[in-house]
Chemist: 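Provided herewith is a single structure, encoded as structure tokens, for subsequent inquiry.
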2 protein chains.
Amino acid sequence: MNPATANIEEAILSAILAGRIAPGTRLGEQKLADLFGVSRTRVREAMMRLETRGVVQVSARRGWYVVEPSAEEAREAFHTRRVIEVGLLQTVPHVPPNVLAALKEHVAMERAAIESGDIGSRACLLGDFHIHLADALGNRLLTEIIRDLTARTTLISMLYQPTEKAEESSHDHEDIVAAMEADDLTLAARLMGEHIAKVEAGLDLTAKPDPLAGLRELLSPSTFTGNTPSVPHSHTHPHSHSFGKED
Amino acid sequence: MNPATANIEEAILSAILAGRIAPGTRLGEQKLADLFGVSRTRVREAMMRLETRGVVQVSARRGWYVVEPSAEEAREAFHTRRVIEVGLLQTVPHVPPNVLAALKEHVAMERAAIESGDIGSRACLLGDFHIHLADALGNRLLTEIIRDLTARTTLISMLYQPTEKAEESSHDHEDIVAAMEADDLTLAARLMGEHIAKVEAGLDLTAKPDPLAGLRELLSPSTFTGNTPSVPHSHTHPHSHSFGKED
DNA sequence: GCCTACAAACTTGTATACAAGCTAAAAAGC
DNA sequence: GCTTTTTAGCTTGTATACAAGTTTGTAGGC
């Protein structure tokens with residue numbers, strides 16, 4: 001594949017995983033072309049690839065948008081993740097010690113990020129746990145699938161998650177790793193299933209995805225100097241929005 | 001998505017699933033464009049989408065080719081399928097009666113195709129069992145994933161499978177459905193894992209994918225009137241090759 | 001003052017032309 | 001006769017021009 005195209009794809013996907021791009025964000029072809037210093041053709045390639053991966057969508061002659069999953073799609077994404085990640089733990093016969101060490105270190109980083117209050121890397125690390133798990137216990141193909149699904153669920157969380165329970169999630173991860181260390185993969189699998197179900201249960205899927213989310217994004221507090229925002233933001237998280245900085 | 005592009009994508013993917021396109025088949029942009037009555041631009045779109053789905057690959061300025069998975073990639077594909085399909089059965093709490101009925105009917109069709117010696121639909125049905133399962137017990141997202149993976153494993157079987165054990169596979173399917181009927185999903189999950197592992201074990205992954213496969217394809221017996229082919233084909237299956245008929 | 005109709009600007013959709021590179025066949029040299 | 005070099009043809013890679021449609025801003029009518 002063309003390296004330039006792959007770069008664009010990767011940049012957008014990792015920005016989504018890090019929570020730096022909100023669902024519904026418009027991704028103009030020309031803007032991206034200028035930003036990456038390539039022609040529209042390349043950008044279109046990357047976009048179509050990302051569309052296949054379920055991360056962006058095109059609205060005819062209006063532009064490309066980061067997907068805003070419906071409630072139904074949200075359920076599907078979580079269901080799929082539960083199936084795969086439970087299956088992964090259930091299928092693996094034994095966890096090698098080096099994998100276990102890496103996972104424990106990762107969980108430690110999660111806790112550190114939570115305690116230091118680093119919101120940006122916190123969300124990123126919580127998602128990365130699952131990706132690393134797939135990478136360590138599965139294979140590249142599985143990792144790719146989990147990565148795309150995690151991107152989806154990250155976007156879903158931005159749309160439907162009233163309150164982020166980062167601490168609880170990290171605790172769950174800890175428990176899962178503990179079960180793996182005790183070589184009780186069946187328990188680990190069950191905990192993983194419960195963990196994902198819990199995150200899903202924490203969503204408010206009755207609330208329609210906010211059609212004003214994009215607008216709120218632009219008017220988010222961080223763009224002002226004052227710290228008393230006049231624009232209320234019900235439950236969407238503030239984003240650093242380092243993407244598409246020039247305009 | 002553009003309907004024309006989707007058509008091309010779907011046509012190629014389903015042809016692969018049906019075993020009508022062999023791994024390594026060259027898919028020229030212009031030929032496909034003529035065949036579908038569209039411009040190369042559209043064909044390229046479809047190809048790039050299929051590339052992200054892991055079904056075709058582009059060789060720079062040489063053309064698009066249906067993937068010929070390496071031994072390593074073959075292992076990854078089977079591992080991934082095992083993880084997901086075991087996870088699916090393990091996660092589902094109960095199988096609704098109408099799903100059970102549909103699956104039983106499907107298995108009956110498998111047996112009928114095997115007994116009647118219909119090789120073409122036989123292979124197609126055996127793969128479809130897993131796709132239908134994902135569709136019935138999972139969701140659209142999961143079905144799409146399984147479909148792409150099944151396309152991969154179908155191609156792998158064409159490359160590495162010395163002898164097809166269709167009857168055995170169908171028996172396995174029957175046992176899995178029986179376990180589901182007995183509401184023993186844990187057993188069903190275990191049987192599924194063993195079934196996929198068995199298919200994988202039946203492969204000869206030490207044998208390099210035959211570099212002459214493409215050539216044999218062109219000289220395959222079906223293109224001659226006589227039924228004593230002068231070109232030996234070690235273990236690749238004969239294909240009807242209804243695809244790309246005009247030239 | 002408000003609503004509607006029109007126009008201008010902007011964005012993607014699509015085809016096409018040409019560039020770049022690969023393959024294979026023909027020609028030249030030994 | 002065999003090897004090497006050149007050349008011609010074919011296929012993808014990329015940019016660009018223009019078509020088609022959407023949005024937004026503006027002017028006109030009520």
Side-chain angles (χ1 to χ4, degrees), chain A residues 1-9 11-12 21 24-68 211-215 217-219 243-244 246-247, chain B residues 1-12 21 24-68 211-219 243-244 246-247:
Chain A
M1 184 194 323
N2 193 305
T5 305
N7 276 349
I8 302 174
E9 228 181 308
I12 291 176
I21 304 186
T25 302
R26 183 168 180 280
L27 300 170
E29 289 184 5
Q30 193 58 59
K31 284 229 181 105
L32 287 175
D34 295 345
L35 183 60
F36 286 93
V38 298
S39 80
R40 267 184 56 209
T41 309
R42 289 277 180 72
V43 174
R44 275 182 76 79
E45 274 188 30
M47 287 316 213
M48 284 187 293
R49 286 192 142 96
L50 287 175
E51 192 182 30
T52 318
R53 298 169 73 175
V55 171
V56 304
Q57 253 180 333
V58 66
S59 176
R61 278 170 227 275
R62 275 175 25 86
W64 296 87
Y65 293 85
V66 175
V67 292
E68 300 183 90
L212 299 176
L215 189 57
E217 186 66 20
L218 291 172
L219 301 173
F243 208 84
E246 62 258 49
D247 214 324
Chain B
M1 187 192 327
N2 194 305
T5 304
N7 276 349
I8 301 175
E9 230 182 306
E10 183 53 34
I12 291 176
I21 304 187
T25 302
R26 183 166 179 283
L27 300 170
E29 288 184 5
Q30 193 58 60
K31 284 229 180 103
L32 287 174
D34 296 345
L35 182 59
F36 286 94
V38 298
S39 80
R40 265 184 60 208
T41 309
R42 289 277 182 71
V43 174
R44 274 181 77 79
E45 272 188 32
M47 286 316 199
M48 283 187 294
R49 286 195 143 93
L50 287 174
E51 193 182 29
T52 35
R53 297 171 73 175
V55 170
V56 305
Q57 251 179 334
V58 66
S59 174
R61 280 170 222 276
R62 275 174 27 85
W64 297 87
Y65 293 85
V66 175
V67 292
E68 300 182 271
L212 299 175
L215 187 59
R216 284 221 181 74
E217 187 65 19
L218 291 172
L219 300 172
F243 209 83
E246 64 258 42
D247 214 324

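Remember, it's a predicted structure, so these values are computed and weren't measured experimentally. Below, read A as the first sequence line, B as the second, and so on, with proteins coming before strands; counting in each chain starts at 1.
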Chemist: Once you round it to whole Å, what is the distance between P of D:dT14 and CZ of A:F36?
Modeler: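 Going from A:F36 (CZ) to D:dT14 (P), I get 16 Å.
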
Chemist: Which nucleotide sits closest to the side chain of A:E29: C:dT14, C:dT12, D:dT14?
Modeler: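 Nucleotide nearest to A:E29's side chain: C:dT12.
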
Chemist: Could you tell me which non-hydrogen atom of A:A33 sits nearest to which non-hydrogen atom of A:S39, and how far apart they are?
Modeler: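 Looking at all heavy atoms of both residues, the closest pair is CB-C, 4.0 Å.
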
Chemist: With a non-hydrogen cut-off below 4.0 angstrom, is B:S39 in contact with a base, only sugar-phosphate, or nothing?
Modeler: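 Sugar-phosphate only.
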
Chemist: In whole angstrom, what separates B:M48's CE from D:dT14's P?
Modeler: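 These atoms are roughly 10 Å apart.
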
Chemist: Roughly, in whole Å, what's the span from OH in A:Y65 to P in C:dT12?
Modeler: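 Going from A:Y65 (OH) to C:dT12 (P), I get 8 Å.
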
Chemist: Go through D:dG21, D:dT23, D:dT14 for me and flag the one nearest to the A:R62 side chain.
Modeler: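 Of the candidates, D:dT23 comes closest.
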
Chemist: In whole Å, what is the span from the CD atom of A:Q30 to the P atom of D:dA15?
Modeler: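 Spelled out: CD on A:Q30 to P on D:dA15 is 12 Å.
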
Chemist: May I ask you to say what A:R40 touches in the nucleic acid, namely base, sugar-phosphate or nothing, with a heavy-atom cut-off under 4.0 Å?
Modeler: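 Answer is base: heavy atoms of A:R40 come under 4.0 Å of a base.
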
Chemist: So what does B:R42 hit on the nucleic acid, given a heavy-atom distance under 4.0 Å: a base, only sugar-phosphate, or nothing?
Modeler: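 Result for B:R42 = sugar-phosphate.
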
Chemist: State, to 0.1 Å, how close B:A11 and B:F36 come at their nearest heavy-atom pair, and which atoms those are.
Modeler: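 Heavy atoms only, the tightest pair is CB-CZ, 3.8 Å.
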
Chemist: Whole Å only: how far is the CG atom of A:N2 from the C1' atom of D:dA15?
Modeler: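 Result: 13 Å.
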
Chemist: Starting from the 5' end of DNA chain D, give me the residue, B:R26 or A:T41, whose nearest nucleotide shows up first.
Modeler: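 So the residue in question is B:R26.
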
Chemist: Looking at B:R42 and B:G37, would you say the former's side chain and the latter's main chain have a donor-acceptor pair under 3.5 Å?
Modeler: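 Not confirmed, B:R42 side chain does not pair with B:G37 backbone.
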
Chemist: Nearest 0.5 angstrom please: A:E9 CD to A:N2 CG, how far?
Modeler: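 Output value for this atom pair is 11.0 Å.
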
Chemist: Which nucleotide sits closest to the side chain of B:R61: D:dT12, D:dT16, D:dA19?
Modeler: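 Side chain of B:R61 sits closest to D:dT12.
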
Chemist: What's the shortest heavy-atom distance between A:V56 and A:M47, and which atoms?
Modeler: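 Shortest heavy-atom contact: CG2-O, 3.5 Å.
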
Chemist: Between D:dC10 atom P and B:D34 atom CG, what is the distance in whole Å?
Modeler: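 After rounding, the reported distance stands at 14 Å.
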
Chemist: Given atom CG of A:L32 and atom C1' of C:dT12, what is their separation to the nearest angstrom?
Modeler: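 A:L32 atom CG is separated from C:dT12 atom C1' by 13 Å.
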
Chemist: Taking atom C1' of D:dT11 as reference, at what distance in whole Å does atom NZ of B:K31 sit?
Modeler: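 Going from NZ in B:K31 over to C1' in D:dT11 covers 11 Å.
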
